[in-house]
Protein chains: 2
Amino acid sequence: MESPLVRKLGCFTRLSAEETKALNEISRVKIRRVGAREDIIREGDTLENINLILEGWACRYKQLEDGRRQIIAFFVPGDHFDSHVFSLREMDHSIGTMNAVTLAELGREGLLALAERHPRIAQSLSWEIAVRFSIQREWTVSIGQRTAAERLGHLLCELFLRMQAVGLADATSCDLPVTQVDLADALGLSNVHVNRVLQELRANGLIVLRGRHLTIPDFQALAANSLFNPHYLHLGHEGRHLDAADE
Amino acid sequence: MESPLVRKLGCFTRLSAEETKALNEISRVKIRRVGAREDIIREGDTLENINLILEGWACRYKQLEDGRRQIIAFFVPGDHFDSHVFSLREMDHSIGTMNAVTLAELGREGLLALAERHPRIAQSLSWEIAVRFSIQREWTVSIGQRTAAERLGHLLCELFLRMQAVGLADATSCDLPVTQVDLADALGLSNVHVNRVLQELRANGLIVLRGRHLTIPDFQALAANSLFNPHYLHLGHEGRHLDAADE
DNA sequence: CGTGACTTTGAGATATATCAATCTGAGTGG
DNA sequence: CCACTCAGATTGATATATCTCAAAGTCACG
């Protein structure tokens with residue numbers, strides 16, 4: 001079984017068989033299962049390991065004193081949290097699961113050693129961090145400037161492409177294991193409004209969303225409607241080059 | 001003259017005289033001046049150097065097709081952009097100046113070599129990136145959840161502390177070389193509304209803002225009013241320890 | 001002392017929030 | 001296999017934070 005991390009890093013650079021094997025192996029050493037809607041990491045914790053998601057979705061979130069919650073990022077399989085946080089004393093936010101999640105706990109040292117031995121792994125891990133940062137920037141743009149419909153459409157486009165990048169989407173659809181309240185907390189909207197905008201997108205034939213499964217019949221249409229430009233995900237740049245060379 | 005970078009990294013770890021000297025020297029090699037309201041880097045550019053701000057303010061921003069602009073981050077002296085972007089093909093956003101800016105262009109190799117020779121420099125640079133990421137997350141929270149008054153107050157608290165961290169603030173005030181339109185674009189508000197909220201904060205005695213200079217007479221009061229918790233800036237953790245040991 | 005950039009004011013307009021029901025459907029126990 | 005339950009989705013009615021447009025004021029600078 002191939003680790004979704006391999007799949008994702010493969011978007012950036014072609015990994016050798018040896019590198020792939022090493023990554024798959026390190027993902028198998030220490031597995032942990034967490035139920036739905038549980039916290040994996042709490043604000044104030046100190047981190048010992050890097051957690052890699054093998055199955056399920058999680059999110060980074062922060063809660064204000066009065067209870068308002070903002071989801072700061074979603075994690076899908078192949079994502080990990082959070083190498084660079086090691087520089088900080090303690091977590092300034094929490095990480096919780098959406099549905100049931102399977103994690104690989106990568107020892108910090110193990111991964112660093114791996115990166116040292118395989119420069120392309122190091123390179124693609126730093127690519128991954130840069131992309132994550134880029135996504136965070138785009139969320140700032142979304143919440144700051146886009147209308148509710150654009151925001152929602154934009155988020156769905158992003159999540160769909162990210163699922164596709166790890167091989168968890170078919171041509172037009174993927175799982176979306178989040179509630180409307182979650183979407184609202186991620187977009188800075190009320191759940192009532194999310195519901196209404198969702199209906200509007202459905203009415204326009206831009207999405208089908210039922211039972212935690214999302215279908216985007218015409219991606220271009222939804223993207224255009226949301227001012228979505230996939231550039232910020234930096235997917236498939238190197239990958240596409242290599243693919244082209246294959247043919 | 002001490003580089004503001006030294007000042008800032010000193011918040012995290014005590015640098016040796018030798019490390020300080022090395023950082024000051026590398027900041028002096030290649031200096032560049034850019035006028036107010038100019039772009040330093042444009043979307044689509046590829047990066048060759050790391051630019052360190054010695055004087056003046058800049059911002060990261062992104063513009064939607066229809067002209068809406070979101071300021072994604074402010075850069076004050078001591079900040080640099082952007083080591084981790086090297087992993088990406090090309091910039092997915094632009095960087096522009098607020099007022100006149102003096103930059104040090106650090107060669108990528110030079111800095112990497114420096115980091116290799118001095119592990120504490122490497123460590124504090126990675127701390128810096130982690131903090132920047134944390135700030136980006138907090139902006140997401142702000143724009144998503146806080147009211148206009150909280151948002152504005154929160155941003156002013158942040159900028160004041162960041163200026164203080166590089167020694168560019170006195171006990172209650174610092175420069176703030178941005179227009180109300182800039183604040184609006186950073187906060188996802190209209191400039192008219194920023195103006196009104198600014199007046200409200202003034203009326204409540206929380207800020208004095210005139211001629212690009214900000215005074216916060218009672219920081220605690222403004223912080224409380226804005227649900228501002230400085231933890232996310234991760235300032236002075238290690239620093240405080242060492243200070244304590246000094247006594 | 002004029003010009004342009006920025007700030008301030010006023011008067012509506014509207015996107016989105018809030019509150020409170022009601023509905024739906026998947027899972028549970030009897 | 002049927003009621004029950006409960007989380008989540010939907011609806012309706014109303015409130016409000018914030019936006020838009022347009023004009024007028026202020027101030028630094030040449």
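Throughout, a chain's letter reflects where its sequence line sits, starting with A, and its residues are numbered from 1. Keep in mind that this is a model prediction, so the values were computed, not measured.
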Distance in angstrom units between B:Leu176 CG and C:dT7 P, rounded: 10 Å
Chain A on DNA chain D: first and last contacting nucleotide, 5' to 3', under 4.0 Å to a heavy atom? D:dG8 to D:dA13
Between A:Gly188 and A:Arg210, which has a closest nucleotide on DNA chain C that is more 5'? A:Gly188
Name the orientation class of the two ring planes belonging to B:Phe228 and B:Tyr232 (parallel below 30°, tilted from 30 to 60°, perpendicular beyond 60°). perpendicular
Indicate whether any N or O donor in one side chain lies under 3.5 Å from an N or O acceptor in the other, for B:Asn195 and B:Gln199. yes
Does B:Arg42 have more than 12 heavy atoms from other residues, nucleotides or ligands lying within 6.0 Å of its CZ? no
Are any of B:Gln199's side-chain N or O atoms less than 4.0 Å away from OP1 or OP2 of C:dT7? no
Between C:dT9 (P) and B:Asn191 (CG): distance, integer Å: 14 Å
Assign each of B:Val178 and A:Ser190 the nucleotide of DNA chain C bearing its closest heavy atom; nearer the 5' end lies the nucleotide of B:Val178
For the helix from C:dC1-D:dG30 to C:dG30-D:dC1, what angle lies between the axis at the first five pairs and the axis at the last five pairs, to 10 degrees? 40°
Determine whether the side chains of A:Asp92 and B:His234 contain a donor N or O and an acceptor N or O closer than 3.5 Å. yes
Identify the two heavy atoms, one from A:Ser3 and one from A:Ser27, that lie closest to each other, and give their separation to 0.1 Å. OG-OG, 3.6 Å
Select base, sugar-phosphate, or nothing to describe what A:Leu189 touches, counting heavy atoms under 4.0 Å on all strands. sugar-phosphate
Return yes if a side-chain donor-acceptor contact under 3.5 Å exists between A:Tyr61 and A:Asp182, otherwise no. no
Nearest of C:dA11, C:dT8, C:dT18 to any side-chain atom of B:Arg202? C:dT8
Would you mind reading off the distance between B:Ile207 atom CD1 and C:dT7 atom C1', rounded to a whole angstrom? 14 Å
If you compare every side-chain N and O of B:Asn195 against the phosphate oxygens of C:dT7 (OP1, OP2), does one of them come in below 4.0 Å? no
Does A:Arg137 make a cation-pi contact with A:Phe133, if we ask for NZ or CZ under 6.0 Å from the ring centre and within 45° of the axis? yes
Side chain to side chain contact (heavy atoms under 4.5 Å, CB included) partner of A:Leu209, the single match among A:Thr215, A:Ile216, A:Leu201, A:Leu214: A:Leu214
Look at all strands and tell whether B:Arg212 reaches a base, only sugar-phosphate, or nothing, counting heavy atoms closer than 4.0 Å. sugar-phosphate
Ignoring hydrogens and angles, answer whether the base of C:dG10 and the side-chain atoms of B:Arg196 contain a donor-acceptor pair closer than 3.5 Å. yes
Any chance the rings of A:His93 and A:Phe81 have centres within less than 6.0 Å? no
What is the distance, to the nearest angstrom, from the CD atom on A:Gln180 to the P atom on C:dT24? 15 Å
Roughly, in whole Å, what's the span from NE2 in A:His193 to P in C:dT18? 12 Å
